[in-house]
2 protein chains.
Amino acid sequence: MKPSVVTSEPNGHHCDDCAVRGAAVCSSLDAAELREFEHLGRRVHFDSGETVFSEEDITTSFYNVLEGVMRLYKLLPDGRRQIVGFALPGDFLGMNLSGRHNFSADSIGVVKVCQFPKGPFGRFIEDRPQLLRRINELAIRELSQARDHMVLLGRRSADEKVATFLLGWRERLVALNGPSDMVALPMSRQDIADYLGLTIETVSRTFTKLERLGVIEIIHGGISLLDPARVEAMAAA
Amino acid sequence: MKPSVVTSEPNGHHCDDCAVRGAAVCSSLDAAELREFEHLGRRVHFDSGETVFSEEDITTSFYNVLEGVMRLYKLLPDGRRQIVGFALPGDFLGMNLSGRHNFSADSIGVVKVCQFPKGPFGRFIEDRPQLLRRINELAIRELSQARDHMVLLGRRSADEKVATFLLGWRERLVALNGPSDMVALPMSRQDIADYLGLTIETVSRTFTKLERLGVIEIIHGGISLLDPARVEAMAAA
DNA sequence: GCAGCCGATTGACCCAGATCAAATTTGGCT
DNA sequence: AGCCAAATTTGATCTGGGTCAATCGGCTGC
């Protein structure tokens, strides 16, 4: 939200100790390539609520999320907001055709990214088709998720939306941190509403309803899934 | 909708006389490659309402639309449908990670596609990074469209949805056939409703309303845009 | 400890768009 | 041309989720 104050750590970073090395774009590179790749990017730190890039900005960099959560969103002229996704460690951002970002991204809590200037990164890809293939894989996966989300936005009820969101978000956290029924929700209720095409009030009421039904417990900074099966039943329709 | 009866024309087809050669994936190939590519695929004809492929089917082929319109959709278990897009000539279908299609596709009116078996096509791409780059471009463009559609589904009113749809559809037709204020709508009202996350009644009423306002005229098989500027104003919010 | 703030919750009411129910138009077929 | 089935339009009514308006509750700074 505020102008982004970027703190970079020009030195002392290595892909070796990078938590997302195996999952991110980098997974397509061998040890030697990784060493070269390392010098292309630099780690950048964002405090909570900073803008990483804005829709319509000229794309100058690609980003690999290392740590934290980002909201990715589009705004209508009158201020209505649709969150098109949340980025987590391992996600790759910045691909586009027009040379401009087609959504905005800002940090939810502290975020660390690996930032690659567009030019050098483009040249590095040039003669590494396996990296291009990896990027293509990530794009296709996102496309599939985008279509699932269209179904949710266009055809699901508020209850189904919230239940589906909780399960999907849990799945992503599980893939990162291992199984747990505690689901951390670092984003605000407004963020969840803007992701699901609802209002903050409806999200809040639905959470309360799920808690009263005994299927979740609302805890500080998230929820606890008491009855995953019932939540799945609500999500399925 | 019916089981798909496929009529193929094994011979007598050439990329030379292909209408979409310049626009589709093929645009990344030179003359020699195009000749080789030609032998990989075959033209397949579908009558109106036939299923080209279904969600969850194992992917056996990729498709390049040559002629006609297809609806691409996902179904919820209880039958609710969300159309995730319409495919027009030049569109490339079948990319996925799981080895299964993640949506269904059927023809709206007569459709001709160029069908490529997955294996040979995959091998052909292998040492042609510029084709991979082209496919990547198409994926990224679709991703951008998918995000725009999320905004529409999650945050726009019925009037805005319909107006936005008419303008967007016109733009696609103009890109194919050149400028015109006649907008052919080969899909049914139900298809439009399922694309916009509305009911058929709301779509019908909105069309009637636009006609009464004098900004469109409902004609056989489509509409005529009488006042594009007013429609744009309605779409913008 | 407590004042002030901001996010979240809760309540009361409303309305855009869904649902239900007829017409009406269109399109194939013979 | 004439008949049936399907698609579309139109009307009447209902309701899920939005809007407006208080609280509530948890931090922060003093």
Side-chain angles (χ1 to χ4, degrees), chain A residues 1-2 47-49 71 76 78-83 108-109 152-166 184-213 216-223 234 237, chain B residues 1-2 47-49 71 76 78-83 108-110 152-165 184-213 216-223 234 237:
Chain A
M1 306 286 195
K2 296 164 291 184
D47 285 332
S48 190
R71 66 179 149 251
L76 289 176
D78 65 359
R80 281 174 288 176
R81 184 177 71 159
Q82 177 65 45
I83 291 187
I108 297 173
L152 178 142
L153 290 171
R155 285 297 179 228
R156 300 188 97 104
S157 69
D159 287 1
E160 292 168 352
K161 284 176 175 182
V162 171
T164 304
F165 165 70
L166 290 177
L185 298 173
M187 71 290 285
S188 70
R189 294 288 188 271
Q190 186 65 63
D191 287 340
I192 297 173
D194 287 348
Y195 181 59
L196 299 177
L198 298 171
T199 59
I200 186 174
E201 293 93 334
T202 299
V203 171
S204 184
R205 280 188 248 270
T206 307
F207 271 58
T208 307
K209 178 173 161 187
L210 289 177
E211 188 169 45
R212 269 203 284 264
L213 289 171
I216 67 168
E217 188 184 358
I218 300 169
I219 54 180
H220 179 78
I223 60 114
M234 288 191 60
Chain B
M1 302 290 193
K2 294 165 290 181
D47 283 332
S48 189
R71 66 180 147 252
L76 289 175
D78 65 357
R80 280 174 290 176
R81 183 176 72 159
Q82 176 65 44
I83 290 185
I108 296 173
V110 166
L152 177 142
L153 290 171
R155 286 294 178 231
R156 288 184 173 283
S157 70
D159 287 0
E160 291 168 354
K161 284 176 174 181
V162 171
T164 304
F165 165 70
L185 297 173
M187 71 291 285
S188 69
R189 295 287 188 269
Q190 186 64 64
D191 288 340
I192 297 173
D194 287 348
Y195 182 59
L196 300 178
L198 298 171
T199 59
I200 185 173
E201 293 93 334
T202 299
V203 171
S204 182
R205 278 188 248 271
T206 308
F207 271 59
T208 307
K209 177 174 160 188
L210 289 178
E211 188 170 45
R212 269 203 285 263
L213 289 170
I216 67 167
E217 187 184 358
I218 299 170
I219 54 178
H220 178 79
I223 60 116
M234 288 192 60

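We name chains A, B, ... by the order of the sequence lines, and we start the count at 1 in each one. The figures here come from the full heavy-atom set of this structure, side chains too, leaving out hydrogens, waters and symmetry mates.
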J.: Nearest 0.5 Å please: distance from the NZ atom of A:Lys209 over to the CG atom of A:Asp159.
T.: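 Here the interatomic distance stands at 3.5 Å.
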
J.: Looking only at atom types and distance, does a side-chain atom of B:Arg80 sit under 3.5 Å from a main-chain N or O of A:Arg155, one as donor and one as acceptor?
T.: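 Here the side-chain-to-backbone pair exists.
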
J.: Taking A:Arg212 for the side chain and A:Phe207 for the main chain, is one N or O donor matched with an acceptor at less than 3.5 Å?
T.: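 No; judged by distance alone, with no hydrogens or angles, the pair does not exist.
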
J.: Starting at CD1 of A:Ile218 and ending at P of C:dG7, how long is that distance when rounded to a whole Å?
T.: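 Whole-Å distance recorded here is 18 Å.
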
J.: Are A:Ile223 and A:Leu210 packed together at the side-chain level, in the sense that at least one heavy-atom pair is separated by less than 4.5 angstrom?
T.: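 Contact flag for A:Ile223/A:Leu210 side chains = no.
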
J.: Give the rounded distance in Å between these two atoms: CZ of B:Phe207 and P of C:dT25.
T.: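 Answer to the nearest Å: 19 Å.
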
J.: Starting the side chain at C-beta, find the nucleotide from C:dT9, D:dT10, C:dG17 nearest to B:Glu201.
T.: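 Minimum distance to the B:Glu201 side chain belongs to D:dT10.
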
J.: Tell me if a side-chain donor or acceptor on A:Ser204 pairs with a main-chain N or O of A:Ile200 at a distance below 3.5 Å.
T.: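 Flag not set: sc A:Ser204 to bb A:Ile200 has no pair under 3.5 Å.
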
J.: Distance check needed: D:dA7 C1' versus B:Leu185 CG, whole Å only.
T.: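 Rounded to the whole Å, the gap is 14 Å.
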
J.: Apply salt bridge (charged side-chain N to carboxylate O under 4.0 Å, His left out) to residues B:Asp194 and B:Arg71 and explain how you reach the verdict.
T.: CA-CA 10 Å; B:Asp194 287 348; B:Arg71 66 180 147 252; over 6 Å; no

J.: So A:Leu185 and A:Phe165, do their side chains get closer than 4.5 Å, heavy atoms only?
T.: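 Answer yes - side chains close enough.
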
J.: For D:dG16, does the base pair up with any side-chain atom of A:Arg205 as donor and acceptor (N or O, under 3.5 Å, distance only)?
T.: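 There is none.
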
J.: Between B:Leu196 (CG) and C:dA18 (P), how many Å, whole number?
T.: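 It works out to 11 Å between those atoms.
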
J.: Using heavy atoms to find the nearest nucleotide of DNA chain D for A:Thr202 and B:Arg212 separately, return the residue whose nucleotide is more 5′.
T.: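 Between the two, 5'-proximity favours B:Arg212.
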
J.: How many whole angstroms separate atom NZ of A:Lys161 from atom C1' of D:dG18?
T.: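 Computing the A:Lys161:NZ to D:dG18:C1' distance gives 12 Å.
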
J.: Measure from CG on B:Leu153 to P on D:dG17 and round the result to the nearest Å.
T.: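 Atom CG in B:Leu153 sits about 16 Å away from atom P in D:dG17.
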
J.: With respect to the phosphate group of C:dA18, does any side-chain polar atom (N or O) of B:Thr199 fall under 4.0 Å of OP1 or OP2?
T.: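 Yes, because at least one side-chain N or O of B:Thr199 sits under 4.0 Å from OP1 or OP2 of C:dA18.
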
J.: Regarding B:Gly221, tell me which of base, sugar-phosphate or nothing describes its non-hydrogen contacts under 4.0 Å with the strands shown.
T.: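 B:Gly221: no heavy atom of the nucleic acid under 4.0 Å.
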
J.: Quick check on DNA chain D: between A:Val203 and B:Thr208, whose nearest nucleotide comes earlier from the 5' end?
T.: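 The 5'-side residue here is B:Thr208.
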
J.: Is it the case that C:dT10 (base atoms only) and A:Arg189 (side chain only) share a donor and an acceptor within less than 3.5 Å, ignoring hydrogens and angles?
T.: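 Check fails, no donor-acceptor contact within cut-off.
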
J.: Figure out the CD/C1' separation between B:Glu211 and C:dT25, and round it to whole Å.
T.: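 The distance from CD of B:Glu211 to C1' of C:dT25 comes to 14 Å, rounded to the nearest Å.
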
J.: Rounded to the nearest angstrom, tell me the gap between atom CG in B:Leu152 and atom P in C:dG17.
T.: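 It is 12 Å, rounded to the nearest whole Å.
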
J.: Quantified as the angle between the terminal helix axes (five pairs each), what is the overall bend of the helix from C:dG1-D:dC30 to C:dT30-D:dA1 to 10 degrees?
T.: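 If I round to tens, the end axes sit 50° apart.
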
J.: Taking the side chain as everything from C-beta on, heavy atoms only, tell me whether B:Arg156 gets closer than 4.5 Å to A:Leu76.
T.: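 Yes, their side chains come closer than 4.5 Å.
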
J.: Heavy atoms only: give me the nearest B:Ile218-B:Glu211 pair and the separation to one decimal.
T.: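 For B:Ile218 and B:Glu211, the tightest heavy-atom pair comes out as N-OE2, 2.9 Å.
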
J.: Would you say the side chain of A:Gln190 and the base of C:dC6 hold a donor-acceptor pair, judged only by whether the two atoms sit under 3.5 Å apart?
T.: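 Per atom types, no contact qualifies.
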
J.: How far does CD1 of B:Ile83 sit from CG of B:Asp191, to the nearest 0.5 angstrom?
T.: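 Output value for this atom pair is 4.0 Å.
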
J.: Closest approach to the side chain of B:Ile200, judged atom by atom: which nucleotide of D:dT9, C:dA18, D:dG17 is it?
T.: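 It is D:dT9.
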
J.: Tabulate protein N/O versus nucleotide N/O from nucleotides 27-30 of chain C, keeping only pairs under 3.5 Å, one per line.
T.:
unit_1 : atom_1 : unit_2   : atom_2 : d
C:dG27 : OP1    : B:His220 : ND1    : 3.0
C:dG27 : OP1    : B:His220 : NE2    : 3.2

J.: When all nucleic acid strands are considered with a 4.0 Å heavy-atom cut-off, which category describes A:Ser188: base, sugar-phosphate, or nothing?
T.: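 It contacts sugar-phosphate atoms only.
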
J.: Out of C:dA8, C:dT10, D:dT8, which nucleotide sits closest to the side chain of B:Ser204?
T.: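 Comparing C:dA8, C:dT10, D:dT8 against the side chain of B:Ser204, the answer is D:dT8.
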
